[in-house]
Amino acid sequence: MKKINLKILVVDDDSYFRLGLASILSDYGILIEASNELEAIDLLAKESFDLALIDMQMEEDDSGLRVLQKAVSKNVHSIILSSYDNDEVTELAYKYGCHHFLTKLNYSTSLEPYIIKYIKNNKLNVLKDFFTKNYITQDKEIINQVKHLSEVNIKGSTIFISGETGVGK
């Protein structure tokens with residue numbers, strides 16, 4: 001698997017659980033861990049993250065929700081992890097803005113497919129933003145070629161771009 005460069009915040013008071021998450025997520029980028037609410041909120045205030053995996057219940061029952069609120073306010077894609085699998089807890093997490101809810105019981109099989117889906121969706125959004133925010137072309141054929149190139153791993157490879165003088169290569 002190729003290395004992805006996401007910046008992921010893992011917030012959980014259980015160091016062994018954080019270690020388990022790290023073993024799954026290490027190929028996806030940089031992991032920064034927080035063991036409590038205050039540490040997590042401080043990290044979210046100082047740094048930017050692509051993803052946050054947040055334990056719903058830490059020191060206090062609502063500490064995970066406060067971390068979630070901070071992550072959502074910073075536009076961090078947030079996944080709640082909980083030992084409790086009931087509708088009330090799930091509804092509360094979504095009400096506060098989480099993007100996905102996983103129980104800790106089955107996180108090892110459910111988390112990675114969700115991360116892969118997030119990466120694919122994010123890649124498409126980055127490409128859309130690239131064309132709408134940075135004027136390059138509105139030519140559908142060129143846009144499709146750039147999309148194709150973005151799907152191919154060309155990192156470390158030499159590419160040759162040709163065209164007439166003045167066309168903006």
Side-chain angles (χ1 to χ4, degrees), residues 1-35 37 39-58 63-87 89-134 143-144 146-156:
M1 171 189 290
K2 67 179 182 171
K3 187 107 171 152
I4 306 295
N5 291 318
L6 295 175
K7 191 169 179 185
I8 304 169
L9 176 63
V10 176
V11 184
D12 200 299
D13 55 353
D14 182 345
S15 60
Y16 292 112
F17 190 74
R18 288 194 316 268
L19 187 63
L21 287 172
S23 70
I24 294 171
L25 299 172
S26 61
D27 284 339
Y28 295 103
I30 299 168
L31 282 108
I32 297 177
E33 298 180 14
S35 61
E37 173 190 348
E39 194 178 338
I41 288 175
D42 186 52
L43 283 167
L44 284 163
K46 292 178 181 176
E47 299 185 40
S48 63
F49 294 92
D50 298 300
L51 284 171
L53 282 76
I54 304 165
D55 182 12
M56 184 77 154
Q57 295 85 16
M58 289 180 280
S63 58
L65 292 175
R66 288 190 294 268
V67 174
L68 174 61
Q69 284 179 306
K70 181 68 173 179
V72 168
S73 75
K74 300 284 280 185
N75 293 320
V76 178
H77 193 89
S78 302
I79 300 171
I80 288 292
L81 301 162
S82 178
S83 300
Y84 305 103
D85 185 17
N86 67 47
D87 292 341
V89 172
T90 306
E91 274 183 43
L92 195 56
Y94 281 110
K95 177 182 173 186
Y96 278 78
C98 83
H99 293 92
H100 197 61
F101 184 95
L102 290 175
T103 60
K104 288 185 175 183
L105 184 62
N106 64 3
Y107 82 96
S108 61
T109 56
S110 302
L111 182 58
E112 197 164 18
Y114 186 77
I115 300 293
I116 291 167
K117 182 179 175 183
Y118 166 78
I119 291 167
K120 286 181 182 176
N121 288 340
N122 193 45
K123 192 181 220 182
L124 291 173
N125 289 337
V126 167
L127 195 57
K128 277 184 201 172
D129 288 348
F130 180 73
F131 282 109
T132 56
K133 292 180 182 173
N134 303 322
I143 291 172
N144 287 334
V146 172
K147 282 181 185 177
H148 175 71
L149 281 174
S150 73
E151 294 168 1
V152 177
N153 185 9
I154 58 173
K155 195 172 191 174

Side chain to side chain contact (heavy atoms under 4.5 Å, CB included) between Ser35 and Arg18, worked out: CA-CA 9 Å; Ser35 61; Arg18 288 194 316 268; 3.4 Å; yes
Verdict with reasoning, Ile79 to Ile115, per side chain to side chain contact (heavy atoms under 4.5 Å, CB included): CA-CA 10 Å; Ile79 300 171; Ile115 300 293; 4.1 Å; yes
Working for side chain to side chain contact (heavy atoms under 4.5 Å, CB included), residues Val11 and Met58: CA-CA 9 Å; Val11 184; Met58 289 180 280; 3.6 Å; yes
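Here His100 contributes atom NE2 and Tyr118 contributes atom OH; the two are 14.0 Å apart, rounded to the nearest 0.5 Å. Considering CG of Asn5 and CG of Asp50, their distance stands at 9.5 Å, rounded to 0.5 Å. One finds the CZ atom of Phe49 at 10.0 Å from the CD1 atom of Ile30 (value rounded to the nearest 0.5 Å). One distance of note links CG of Leu53 with CD1 of Ile8; it measures 7.0 Å at 0.5 Å rounding. We find the CG-CD distance between Asp13 and Gln57 to be 9.5 Å, quoted to the nearest 0.5 Å. Note that the CG atom of Leu105 and the CG atom of Leu81 stand 12.5 Å from one another [nearest 0.5 Å].
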Report, one line per pair, each donor and acceptor closer than 3.5 Å where one atom sits in a side chain of residues 67-77; sequence neighbours left out.
unit_1: Ser73; atom_1: OG; unit_2: Lys70; atom_2: O; d: 2.7
unit_1: His77; atom_1: NE2; unit_2: Tyr114; atom_2: OH; d: 2.9

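Contacts of Glu47 classified as side-chain hydrogen bond (donor to acceptor under 3.5 Å, both in side chains), with partners at least two apart in sequence or in another chain: Lys7.
When all heavy atoms are compared, the tightest approach of Ala22 to Glu33 is CB-OE2, 4.3 Å. Val89 and Ser82 make their closest contact through CG1-OG, 3.9 Å (heavy atoms, listed as atom of the first residue, atom of the second, distance). When all heavy atoms of Arg66 and Ile41 are compared, the pair lying nearest together is O-CD1, 4.2 Å. Shown here for Ile54 and Gly64, the closest heavy-atom pair between the two residues is CG2-O, 3.6 Å. A pairwise comparison of heavy atoms in Ser23 and Gly20 identifies OG-O, 2.7 Å as the closest pair. Nearest heavy-atom pair across Leu65 and Ala93 is CD2-CA, 4.3 Å.
Between Leu25 and Leu111, the closest side-chain pair of non-hydrogen atoms falls below 4.5 Å. The side-chain heavy atoms of Ile116 and Tyr28, taken from C-beta on, include a pair separated by under 4.5 Å.
Side-chain polar atoms of Thr103 and Asn106 form a donor-acceptor pair below 3.5 angstrom.
A side-chain donor-acceptor contact under 3.5 Å links Tyr94 to the backbone of Phe101.
Pairs passing the salt bridge (Lys or Arg N to Asp or Glu O under 4.0 Å) check and including a residue from residues 92-104, sequence neighbours excluded, read Asp12-Lys104, Asp55-Lys104.
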